[in-house]
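Here the structure comes first, spelled out in structure tokens, and everything after it is commentary.
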2 protein chains.
Amino acid sequence: MVASAEKHDVFKAIADSTRREVLRLLSENERPISEIADHFDMSRTAVTKHLQILTEAELISGRKEGREKIYQIHPEPLTEVKQWLAYYEKFWGNKLSMLKHLVEKEE
Amino acid sequence: MVASAEKHDVFKAIADSTRREVLRLLSENERPISEIADHFDMSRTAVTKHLQILTEAELISGRKEGREKIYQIHPEPLTEVKQWLAYYEKFWGNKLSMLKHLVEKEE
DNA sequence: TAAACGTACAACCAAATGGTTACATATTCA
DNA sequence: TGAATATGTAACCATTTGGTTGTACGTTTA
């Protein structure tokens with residue numbers, strides 16, 4: 001396989017619904033691994049693997065605090081997705097797309 | 001594995017860089033399979049599989065025209081990604097995010 | 001200090017993913 | 001009609017993905 005496979009692939013990171021749910025949880029609050037794992041019907045180990053993938057995409061980071069590892073969200077890499085999407089918004093053809101493109105440029 | 005795995009998963013569809021490139025090509029012009037395949041360093045069969053996944057996500061559709069099958073883009077399902085992203089924009093904290101949220105509501 | 005807690009990680013596994021080759025079928029055109 | 005063109009599809013394969021269990025290790029806390 002070729003596929004370039006950038007190590008920090010945000011598109012691949014958000015492709016999984018479990019990982020999107022992790023992001024939602026962390027958008028509410030930073031949380032230790034065990035608390036995140038409690039929200040899912042899978043082992044803590046499995047959740048840890050998802051956390052690693054999100055970490056590689058730099059969407060989250062974890063700090064050690066005592067015996068816990070506390071994860072927090074970093075949504076900035078989502079700008080790559082946002083910019084990718086922006087290209088396709090012109091194909092929607094709704095009236096506000098022009099205004100939104102102008103707003104985009106100010107960022 | 002659980003993973004819900006909706007048959008029309010737009011997040012999974014756009015996770016692959018080849019499929020994103022297919023979308024870009026089709027955003028320029030509708031094209032037959034062989035023309036799409038010419039842009040990639042892989043077999044036509046492999047490209048066809050990507051076209052099937054994009055079709056299942058309803059991001060493209062193909063019509064038979066003579067011996068050709070011509071694909072065109074349908075970007076509408078990307079709104080799901082856009083809406084998902086919108087939730088995280090408030091975490092950016094840039095000054096225009098409020099205006100953009102208002103604009104969003106008009107659609 | 002010993003037990004409980006939270007995490008790390010190795011080893012393993014089934015299924016999905018992303019690719020291949022080979023061959024069949026439908027359409028066009030000389 | 002027969003050859004060339006465009007696509008469809010079956011069979012196969014290696015790697016990745018998403019999960020498991022078991023064990024080890026550092027940190028609290030009774």
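Below, chains carry the letters A, B, ... as their sequence lines are ordered, and counting in each starts from 1. These numbers were taken from a predicted model, which means no experiment stands behind them.
Using a 4.0 Å cut-off between charged nitrogen and carboxylate oxygen, A/Glu68 and A/Lys64 do not count as a salt-bridge pair.
The distance between atom CZ of A/Arg63 and atom P of D/dG26, rounded to the nearest whole Å, is 22 Å. Distance, A/Arg31 CZ to C/dG6 P: 15 Å, rounded to whole Å. Atom pair A/Leu51:CG and C/dA8:C1' shows a separation of 13 Å (rounding to whole Å applied).
Contact of A/Ser34 with C/dC5 (side chain to base): no donor-acceptor pair of N or O atoms is detected under 3.5 Å. For D/dT9, its base sits under 3.5 Å from the side chain of B/Thr45 at one donor and acceptor pair at least.
Applying the 4.0 Å criterion to OP1 and OP2 of D/dG19, one finds that A/His50 has a side-chain N or O inside that range. An OP1 or OP2 oxygen of C/dG19 is reached within less than 4.0 angstrom by no side-chain nitrogen or oxygen of B/Lys49.
Residues B/Ile36 and B/Leu26 meet the side-chain proximity criterion, which asks for heavy atoms closer than 4.5 Å.
In this structure, of C/dG19, C/dT7, D/dT20, it is C/dT7 that holds the atom nearest to the side chain of A/Pro32. Between D/dG18, D/dG19, C/dG19, one nucleotide has an atom nearer to the side chain of A/Arg19 than all others, and that is D/dG18.
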Working for side-chain contact (heavy atoms from CB on, under 4.5 Å), residues A/Arg24 and B/Tyr88: CA-CA 9 Å; A/Arg24 200 193 60 73; B/Tyr88 291 96; 3.8 Å; yes
Test log, rule salt bridge (charged side-chain N to carboxylate O under 4.0 Å, His left out), inputs B/Arg63 and B/Glu65: CA-CA 6 Å; B/Arg63 67 176 186 279; B/Glu65 201 154 293; 2.8 Å; yes
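Under a cutoff of 6.0 Å and an axis angle of 45°, B/Arg31 and B/Tyr71 do not form a cation-pi pair.
When all heavy atoms of B/Leu59 and B/Ala13 are compared, the pair lying nearest together is CD1-CB, 4.0 Å.
Residue-level contact check: A/Ser43 touches the bases, meaning some heavy atom is under 4.0 Å from a base atom.
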Base-contact (B) and sugar-phosphate-only (S) positions in nucleotides 23-30 of chain C, heavy-atom cut-off under 4.0 Å, - elsewhere: ----BB--
